There are 6 protein chains.
Amino acid sequence: MPTINIQLFEGRTVEQKRDYAKALTEATVKVLGCSPSAVDIIFQDVKKSDWASGGELWSDKT
Amino acid sequence: MPTINIQLFEGRTVEQKRDYAKALTEATVKVLGCSPSAVDIIFQDVKKSDWASGGELWSDKT
Amino acid sequence: MPTINIQLFEGRTVEQKRDYAKALTEATVKVLGCSPSAVDIIFQDVKKSDWASGGELWSDKT
Amino acid sequence: MPTINIQLFEGRTVEQKRDYAKALTEATVKVLGCSPSAVDIIFQDVKKSDWASGGELWSDKT
Amino acid sequence: MPTINIQLFEGRTVEQKRDYAKALTEATVKVLGCSPSAVDIIFQDVKKSDWASGGELWSDKT
Amino acid sequence: MPTINIQLFEGRTVEQKRDYAKALTEATVKVLGCSPSAVDIIFQDVKKSDWASGGELWSDKT
């Protein structure tokens, strides 16, 4: 029953998310030995102006 | 002081969220015995292309 | 497919959580019109020394 | 390695978030004694119609 | 900069989490094309009495 | 109404969390112009064996 929440910069395509969800689910099933249907994945797009590292917004990094 | 975060598919109306917040708060007060004012609820709309179950995006399910 | 994360003070019994999960699921099904099996609820117990309101830990409030 | 997730009403400007991220990072470094580069901050804007307190959406409060 | 939060039933060993973190990071790097060092993963163990599906705690399911 | 969730390595004392909650609340009030009572902060302790960066658990880093 893992539920996986992923925060990532916005801009990824649906194709990337489709491939990513498939790959993450396969890795989960392989390591944890659970059923694929037990794996939930939720993507949360984050703007670069909503994410800071080292006290600086990523939209300000050059 | 419960704080309730709800991830749900986008598309629900404000009316539904209004009713839902009211119902969840009533259930919380009844079971936990806290004050209604102590209950915080945050809705997070999720696109079907941002949620996968069984390795497949919900936007791809038919 | 709502996924509900609930942060609450530790100390609630399993009986309370059982009743609470049932009540929240019923409210969800009634308002959103989804199947009960689509509702996931996760409780996260929080110590009073891990929750602050107004800049003060709840374990310090008298 | 603190990761800080902040849910706040939408409407804050990038300038406010820039200042806020800087202030939170400075407070973190000062109290925890970690490196600024270890501090990650993610802002999540929330609509007033997606946040309820006391069973009432903030968009309904007058 | 993906940050991945994983909620899973308690009971997994450190060995499983080690393998799982490695597999998830490899999948992330492969699909998103980011650096491994940009991938943060946080596991949150959840008791079966803190997770309900279909209105029933997993600790009650037989 | 900001709600601030902070994931940090376990091992911080209550004194540190008390100071940290105070500092974060002051920074929030100063930058956002809200009331201190509107600021909620929740700390989530994370074991080094539950946090991975670069595909490696922090408990394995030397």
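None of these values were measured; they are calculated from a predicted model. Protein chains get the first letters and strands the later ones, always in sequence-line order, with residue 1 at the start of each.
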Undergrad: If every non-hydrogen atom of Gly54(D) is compared with every non-hydrogen atom of Thr25(B), which pair is closest and at what distance?
TA: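 Minimum heavy-atom separation between Gly54(D) and Thr25(B): C-CG2, 4.1 Å.
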
Undergrad: Can you measure from OH (Tyr20(B)) to CG (Leu57(D)) and round to the nearest 0.5 angstrom?
TA: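 Going from OH on Tyr20(B) over to CG on Leu57(D), the span is 13.0 Å.
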
Undergrad: To the nearest 0.5 Å, tell me how far Ile41(B) CD1 sits from Trp58(D) CH2.
TA: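 Ile41(B) atom CD1 to Trp58(D) atom CH2 measures 13.0 Å (nearest 0.5 Å).
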
Undergrad: Nearest 0.5 angstrom please: Gln7(D) CD to Thr3(B) OG1, how far?
TA: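 These two atoms lie 8.5 Å from each other.
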
Undergrad: Which atoms of Gln44(D) come close to chain B, meaning under 4.5 Å heavy atom to heavy atom: side chain ones, backbone ones, both, or neither?
TA: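 Answer is side chain: those atoms of Gln44(D) sit under 4.5 Å from chain B.
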
Undergrad: Could you state the interatomic distance from OG (Ser49(D)) to CZ (Arg12(B)), rounded to the nearest 0.5 Å?
TA: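 Atom-to-atom, Ser49(D):OG and Arg12(B):CZ are 15.0 Å apart.
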
Undergrad: Mind checking the CG-CG spacing from Asp45(B) to Asp50(D)? Nearest 0.5 Å is all I need.
TA: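 Spacing of CG (Asp45(B)) from CG (Asp50(D)) equals 5.5 Å.
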
